[in-house]
*Asks:* 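Take this structure, written in structure tokens, and hold onto it; I'll ask about it next.
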Amino acid sequence: MTARISGLDDPDMPADQWHDTRRRLLARGRFDEHAVNSYLDKWTWELFHPTRPFLQDPVLARQCTKTSGVNKLVFGRPAGNNLAWLSAHTDTRPQPVPAAQAAWHLLLWRYYGPSGTCSSRTVGATTAGQLRAGPLRGALSFHPQGRTLFETLLLSQTPYRGLGQSEEDLCPWEEPGPPDPLRPPAEITWPGRLLTARSRHALLLVADPDYRHAVDAYVTWATLERPLPATDPFVITLTDPTKEADRRDTVRRADHLVQQELTHPDSPDKTVTPALMREVMHRMNPLQFRDDQHSGATS
């Protein structure tokens with residue numbers, strides 16, 4: 001959303017112009033109000049909308065044989081035959097989830113959802129009940145945190161470094177409708193599809209009569225295709241995942257990764273701080289997120 005509102009989502013914008021645009025926005029201290037309202041008025045953001053619920057697929061109510069239960073939706077709650085390690089919730093007495101919390105768990109499923117069994121879904125002649133892990137499952141990611149939400153949003157933007165895009169870049173809420181689960185996934189375009197449209201899971205929340213809580217949920221597969229290769233700008237990729245010691249060392253050196261100086265042959269002291277880092281370091285702290293589950297783990 002920030003990329004759309006700020007205009008930093010233009011893949012044809014030269015790098016110098018891109019950084020100048022962000023620098024001017026940071027100096028201004030606020031987004032253009034008209035740009036914010038124009039973008040937000042364009043799309044549907046309602047969690048329980050009857051025909052276009054946010055980041056959900058309403059046809060799951062017809063395509064799934066049964067719901068998955070609200071405990072399946074909520075990370076940390078035991079569901080099915082799983083033991084109650086972190087909470088005392090049971091499927092025999094499921095407790096509703098406030099809508100605001102349900103929205104967070106919806107996002108968690110889209111990025112960190114596990115593989116394993118799920119509610120069976122039938123699309124045409126295809127019936128399946130197996131999940132692939134979400135795009136950030138088992139991943140280590142770093143994110144800049146500014147002094148304000150405005151700074152954090154802008155510091156989290158990254159310029160386009162590809163060689164061109166053949167398809168229009170769309171986020172899930174900008175698409176005409178939910179993706180066809182039987183079609184090959186669309187090209188990974190920057191920044192919308194790269195950051196928001198690689199989910200392996202399809203969900204639909206079931207609301208109570210006053211739409212203040214989620215009382216049930218459908219959790220199932222969104223696609224049976226293998227994920228397309230994608231380079232997430234916030235994720236460190238291990239070229240040799242067997243080197244677990246390197247993974248731990250990377251976690252310990254999080255601050256060093258942000259403050260690292262690069263060797264430069266023309267510098268008197270042989271080091272120079274990258275220009276981008278000099279520009280924003282006084283505004284940010286590093287946030288580190290790690291999902292400790294193996295990408296194939298089911299819980």
*Asks:* Under 4.5 Å between any side-chain heavy atoms of P58 and P50, yes or no?
*Replies:*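 The answer is no; the side chains never approach within 4.5 Å.
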*Asks:* Does W104, at its CH2 atom, have more than 12 non-hydrogen atoms belonging to other residues, nucleotides or ligands within less than 6.0 Å?
*Replies:*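 Open.
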*Asks:* Look at the side chain of R137 and the backbone N and O of Y112, then say whether any donor-acceptor pair between them is shorter than 3.5 Å.
*Replies:*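 Flag set: sc R137 to bb Y112 pair under 3.5 Å.
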*Asks:* Are the aromatic rings of F54 and W43 close, with centres under 6.0 Å apart?
*Replies:*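 Distance test on ring centres: not under 6.0 Å, no.
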*Asks:* Within the distance-only criterion (no hydrogens, no angle test), does the side chain of E225 pair as donor or acceptor with the backbone N or O of R183 below 3.5 angstrom?
*Replies:*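 Between the backbone of R183 and the side chain of E225 there is no qualifying donor-acceptor contact (under 3.5 Å).
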*Asks:* Just by distance, with hydrogens left out, do S119 and S68 show a side-chain donor and acceptor under 3.5 Å apart?
*Replies:*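 Yes, side-chain donor-acceptor contact under 3.5 Å.
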*Asks:* Mind checking the OG1-CZ spacing from T65 to R62? Nearest 0.5 Å is all I need.
*Replies:*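 Rounded to the nearest 0.5 Å, the OG1-CZ separation comes out at 15.0 Å.
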*Asks:* How about CD on E167, more than 12 heavy atoms from neighbouring residues, nucleotides or ligands closer than 6.0 Å, or not?
*Replies:*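 It does: E167 CD has more than 12 such atoms within range.
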*Asks:* Closest approach of A102 and A214, non-hydrogen atoms and distance?
*Replies:*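 The pair with the smallest heavy-atom distance is CB-CB, 3.9 Å.
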*Asks:* When you measure from the side chain of D208 to the backbone of R212, do you find a donor-acceptor pair of N or O atoms at a distance under 3.5 Å?
*Replies:*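 Yes, because the side chain of D208 sits within donor-acceptor range (under 3.5 Å) of the backbone of R212.
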*Asks:* Rounded to the nearest 0.5 Å, how far apart are CG of L154 and CG of L149?
*Replies:*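 It is 9.5 Å, given to the nearest 0.5 Å.
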*Asks:* For the hydrophobic clusters of this structure (ILVMFWY residues joined by side-chain heavy atoms under 4.5 Å, transitively), does one cluster hold both M13 and F31?
*Replies:*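 Yes; F31 is reachable from M13 via cluster members.
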*Asks:* Judged by atom type as modelled, is there a donor-acceptor pair below 3.5 Å linking the side chain of T220 to the main-chain atoms of S120?
*Replies:*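 Checked: no pair found.
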*Asks:* For the side chain of R121 and the backbone of W221, is there at least one donor-acceptor N/O pair under 3.5 Å apart?
*Replies:*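 Yes; at least one donor-acceptor contact below 3.5 Å.
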*Asks:* Do Q157 and S6 pair up side chain to side chain, a donor and an acceptor below 3.5 Å, judged on atom types alone?
*Replies:*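 No - no donor-acceptor pair under 3.5 Å links their side chains.
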*Asks:* With a 4.0 Å cut-off on N to O distance, would you call K66 and D216 a salt bridge?
*Replies:*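 Answer for the salt bridge query: no.
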*Asks:* Please check if W173 and L170 belong to a single hydrophobic cluster, counting links between Ile, Leu, Val, Met, Phe, Trp and Tyr side chain heavy atoms closer than 4.5 Å.
*Replies:*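 No, W173 and L170 fall in different hydrophobic clusters.
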*Asks:* Looking at every non-hydrogen atom in both residues, tell me the closest pair between Q165 and P11 and how far apart they are.
*Replies:*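 In terms of heavy atoms, the two residues are closest at NE2-CG, 4.3 Å.
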*Asks:* Ignoring hydrogens and angles, tell me if any N or O in the side chain of T44 forms a donor-acceptor pair with the backbone of E46 under 3.5 Å.
*Replies:*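 No: the side chain of T44 does not pair with the backbone of E46.
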*Asks:* Determine whether L136 and D232 satisfy the following criterion, side-chain contact (heavy atoms from CB on, under 4.5 Å), listing intermediate values before the conclusion.
*Replies:* CA-CA 9 Å; L136 295 185; D232 190 317; 3.9 Å; yes
*Asks:* Rounded to the nearest 0.5 Å, what separates atom OG1 in T2 from atom CG in D9?
*Replies:*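 Those atoms lie 10.5 Å apart.
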*Asks:* Answer with yes or no whether the hydrophobic clustering places L153 together with Y111; edges join I, L, V, M, F, W, Y residues whose side-chain heavy atoms lie under 4.5 Å apart.
*Replies:*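 L153 and Y111: one cluster.
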*Asks:* Is there a path from L195 to L228 through hydrophobic residues (I, L, V, M, F, W, Y) whose side chains come within less than 4.5 Å of each other?
*Replies:*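 Yes, one cluster joins them.
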*Asks:* Is there a side-chain contact between L107 and L55 in this structure, where contact means two heavy atoms from C-beta onward sitting under 4.5 Å apart?
*Replies:*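 In contact.
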*Asks:* Atom CD of Q17 and atom CG of L8: how far apart are they, to the nearest 0.5 Å?
*Replies:*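 Answer for the CD-CG pair, Q17 versus L8, is 10.0 Å.
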*Asks:* List, by chain and number, the other hydrophobic cluster members for L204, where Ile, Leu, Val, Met, Phe, Trp and Tyr join if side-chain heavy atoms come within less than 4.5 Å, directly or indirectly.
*Replies:*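 L204 shares its hydrophobic cluster with L60, V206, V215, Y218.
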*Asks:* Run the numbers on R226 and R132 for side-chain contact (heavy atoms from CB on, under 4.5 Å), then give the verdict.
*Replies:* CA-CA 9 Å; R226 290 188 175 275; R132 291 183 181 272; 3.8 Å; yes
*Asks:* What do you reckon, is OH of Y211 surrounded by more than 12 foreign heavy atoms closer than 6.0 Å?
*Replies:*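 Open: at most 12 neighbouring heavy atoms sit under 6.0 Å from OH of Y211.
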*Asks:* Can you say whether the rings of H143 and F234 are parallel (under 30°), tilted (30 to 60°) or perpendicular (over 60°)?
*Replies:*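 It falls in the parallel class, under 30°.
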*Asks:* If we check salt bridge (charged side-chain N to carboxylate O under 4.0 Å, His left out) with E174, which of these qualifies: R193, R52, R4, K42?
*Replies:*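 When salt bridge (charged side-chain N to carboxylate O under 4.0 Å, His left out) is applied between E174 and each of R193, R52, R4, K42, only R4 qualifies.
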*Asks:* Distance check, rounded to the nearest 0.5 Å: T223 atom OG1 versus R198 atom CZ?
*Replies:*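 CZ of R198 is found 13.5 Å from OG1 of T223.
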*Asks:* Any heavy-atom pair between the side chains of P233 and R161 that's under 4.5 Å?
*Replies:*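 They are not in side-chain contact.
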*Asks:* I would like to know whether Y160 and D169 meet side-chain contact (heavy atoms from CB on, under 4.5 Å); could you show each step before the answer?
*Replies:* CA-CA 12 Å; Y160 180 63; D169 178 59; over 6 Å; no
*Asks:* Mind checking the CG-NE2 spacing from L205 to H213? Nearest 0.5 Å is all I need.
*Replies:*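 Between L205 CG and H213 NE2, I get 13.0 Å after rounding to 0.5 Å.
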*Asks:* Might you confirm whether atom CZ of R28 has over 12 heavy atoms from other residues, nucleotides or ligands at distances under 6.0 Å?
*Replies:*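 Yes, the 6.0 Å shell around CZ holds more than 12 heavy atoms from other groups.
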*Asks:* Report yes or no: do F48 and L73 belong to one cluster of Ile/Leu/Val/Met/Phe/Trp/Tyr joined by side chain heavy-atom distances under 4.5 Å?
*Replies:*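 Linked, F48 and L73 end up in one cluster.
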